[in-house]
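Sequential numbering from 1 along the given sequence is applied to the chain's residues. Both counts, for ligands and for their atoms, begin at 1 and track the order of listing.
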Amino acid sequence: MRITDTIKYVGVNDHKVDLFEGQYPVANGMAYNSYVILDEKIAVMDTVDANFTHEWLDNLEQVLDGRKPDYLIVQHMEPDHAANVANFLKVYPDTTVVANVKTFQMIYNFFGLSLEGQKLEVTNGGTLSLGNHQLTFVFAPMVHWPEVMVTYDSTDKVLFSADGFGKFGALDVEEDWDDEARRYFIGIVGKYGTQVQSLLKVAATLDIRIICPLHGPVLSEDLGHYIGLYDTWSSYTPEEEGIVIAYTSVYGHTKKAVDLLADKLRSKGCPKVVVYDLARDDMSLALSDAFRYSKLILATTTYNASIYPFMHDYISRLVEHNFQNRTVGLIENGSWAPLAAKVMREMMAKCKKINWLDTTVKILSAINQDNQDQLEAMADELCKEYIAQNDILANKNDLTALFRIGYGLYVVTSNDGKKDNGLIVNTVIQLTDTPNRVAVNINKANYSHHVIKQTGMLNVNCLSTEAPFSVFQQFGFQTGRSVDKFAGQTVHRSDNGLVFLDKYINAFMSLKVEDYVDLGTHGMFICSVTEARVMSNQDTMTYTYYQNNVKPKPETEGKKGFVCKVCGYIYEGDELPADYICPLCKHGAADFEPIG
Ligand code: FEO
């Protein structure tokens, strides 16, 4: 087979193999690729599996057409490629073997050959001229073994990529490249994403027109597609939106939960739902699809104080293959001492960047109404974004979207002529930069609104993430009408005479009011900047950071009613009046949520 005028294919197809590497089903067989570069000097690129010695040597003899090879380049020592190194040297004893130091050690370990006088040891980045063809060797350790190197031919712009860009399947069978290359990649080199990323970085510097892998077809068109998939797989980025449900079931109750969940997911707009019975389906496909899709549900039973063996095997494979960066949820079943969810979660503790669902489904033998509700909640959680993207299913009037706007938190200081005042605000926006214009929005119920309206001056103190809850209590939960918020403190003042905080801020700006917009409940002050100082490189305190890290968790245990999301104040009662204002922080009913 011709690759270019001077590069020929001499590999073989294997239709006898049932399990590649003794574990991966290969219904369409396997190809063991080998190539010959014909030049002033002739190089053979790798050998093939032990079962194909004569077929390969015949292919080679035909292409050599009476000439003798000068070099045998060994890129990878796994026996599916290197089993015939010794046989080759028996037929062509004058050939020089080109490899790296690790490969020569493995050749000795496999064949007892020291190859003194007939080996050329190459270094990373080393080169070899065949006359017209100029070869460069790039080490690619752990893609898939430590000795692996790839070879770039700068003359024909060919990358001989070893196992990289390989796939399951013989070359005389037509099948989709992506699916079988993905199953091959995840199974064979999925663990070594970092090393593949390193190799891709080198490849990005080369002008590559053809990729010649050791398995699967030679790639000569649309290389960006294949390289893009390798980048996705090796960076553990989900390739597609979708949900894999992998389960085991002994008497059908767990399966029933899985079927119910799958139906719910489909009805809620999930673009793809794939279900695997781990006891019966191809484990390698279940594994590769877990890496393909964005979300994974694991459902199994408690068994021998652990989990069902097929699920144990599956999770072990996920962990070994560096599964990460996915949303994962759990369904457990147990009749007397359910442990499955705990065991599954512990097994996956090593996986990085797992977004665990809030909902875990806990079945006690058979599905009951609670489980139905849990499955519904799990489906809602999994499909939230799919529902929101769907024109028919989406709630187009969900005003909680406003809470997703990013806000910083600031202390606005002012002075009424008698005392300094300060309050917390979250709506400070830079409007323009020539000149600098900043808008500050303040509730008219706050005393500061009245003061700033009168004086036309304010300072905006940008709180940093160091600010403790006491700062919010000091400035947010009491009114300047009746309390001197700076009583007893020694204060710093900016050129406009107003206070700026001496700690917990990363910057402040002095503002002069240029314009005012009446917004009903609030007034917007549009200001120019008269002074601006940066105090530290700490991050600005955001509303989200405050919620997650600063605000104490309200003690809602045993209480019924509504809790203020801003300050944690609890309103006890069945219904919250629509015009209710939080007595602590003065936020309205929209900032309350039901307890429980
Ligand atoms: Fe195809 Fe790692 O051998």
Side-chain angles (χ1 to χ4, degrees), residues 9-35 44-53 55-56 59 72-88 99-100 102-107 109-111 137-151 159-171 173 175 177 180-196 198-200 203 211-219 226 230 233-234 284 287-288 317 320-322:
Y9 180 84
V10 291
V12 297
N13 287 320
D14 183 356
H15 283 291
K16 291 197 185 117
V17 62
D18 57 345
L19 294 174
F20 180 69
E21 287 193 354
Q23 59 168 322
Y24 300 104
V26 279
N28 289 331
M30 203 65 202
Y32 312 117
N33 298 342
S34 170
Y35 306 90
V44 177
M45 306 297 298
D46 297 289
T47 80
V48 298
D49 183 84
N51 291 320
F52 297 88
T53 308
E55 186 180 335
W56 175 64
N59 291 348
L72 172 65
I73 297 174
V74 182
Q75 302 185 106
H76 182 17
M77 273 305 292
E78 196 167 7
D80 50 335
H81 310 294
N84 282 297
V85 169
N87 290 329
F88 173 89
N100 60 44
K102 286 183 182 155
T103 305
F104 283 121
Q105 181 60 51
M106 289 187 183
I107 288 176
N109 294 346
F110 272 106
F111 305 107
F137 304 104
V138 177
F139 289 8
M142 303 320 295
V143 186
H144 144 232
W145 279 14
E147 86 297 358
V148 168
M149 63 181 193
V150 301
T151 306
L159 178 70
F160 295 93
S161 58
D163 274 340
F165 299 98
K167 68 178 270 297
F168 295 127
L171 297 192
V173 179
E175 64 179 358
W177 189 90
E180 283 300 81
R182 183 189 308 104
R183 190 167 69 92
Y184 172 87
F185 177 90
I186 299 302
I188 308 290
V189 285
K191 178 180 176 64
Y192 302 110
T194 310
Q195 290 84 344
V196 175
S198 301
L199 181 58
L200 290 176
I211 296 175
C212 290
L214 287 177
H215 302 287
V218 171
L219 306 172
Y226 305 110
Y230 255 60
W233 297 336
S234 60
S284 69
L287 184 71
S288 92
R317 291 179 193 225
E320 283 166 13
H321 287 77
N322 244 337

*Give the atom name of whichever N/O/S atom in H215 sits closest to atom 1 (Fe) of ligand 1.*
NE2
*Contact check: H81 to atom 1 (Fe) of ligand 1, N/O/S below 2.8 Å*: yes
*Could you tell me which N, O or S atom of D80 is nearest to atom 1 (Fe) of ligand 1?*
OD2
*Counting backbone and side-chain atoms alike, does E78 have an N/O/S atom under 2.8 Å from atom 1 (Fe) of ligand 1?*
no
*Would you check if atom 1 (Fe) of ligand 1 lies under 2.8 Å from any N, O or S atom of H144?*
no
_Using the side chain to side chain contact (heavy atoms under 4.5 Å, CB included) definition, which of the options I188, L19, D18 pairs with Y24?_
I188
Please tabulate, one pair per line, all N/O donor-acceptor pairs under 3.5 Å involving side-chain atoms of residues 78-85, not counting sequence neighbours.
{"residue": "E78", "atom": "OE1", "partner": "H76", "partner atom": "NE2", "Å": "3.4"}
{"residue": "E78", "atom": "OE1", "partner": "H144", "partner atom": "ND1", "Å": "3.0"}
{"residue": "D80", "atom": "OD2", "partner": "H215", "partner atom": "NE2", "Å": "3.0"}
{"residue": "H81", "atom": "NE2", "partner": "D163", "partner atom": "OD1", "Å": "3.1"}
{"residue": "H81", "atom": "NE2", "partner": "H215", "partner atom": "NE2", "Å": "3.1"}
{"residue": "N84", "atom": "OD1", "partner": "T53", "partner atom": "OG1", "Å": "2.7"}
{"residue": "N84", "atom": "OD1", "partner": "N87", "partner atom": "ND2", "Å": "2.8"}
{"residue": "N84", "atom": "ND2", "partner": "V48", "partner atom": "O", "Å": "2.9"}
{"residue": "N84", "atom": "ND2", "partner": "D49", "partner atom": "O", "Å": "3.1"}

*Is V74 close to E147 at the side-chain level, that is, under 4.5 Å between some pair of heavy atoms?*
no
*Measuring from atom 1 (Fe) of ligand 1, name the closest N, O or S atom belonging to D163.*
OD1
_Nearest-0.5 Å distance that lies between atom CD1 in I73 and atom CZ in F160_ = 8.0 Å
_Electrostatic pair R317:E320 at N-O distance under 4.0 angstrom_ = no
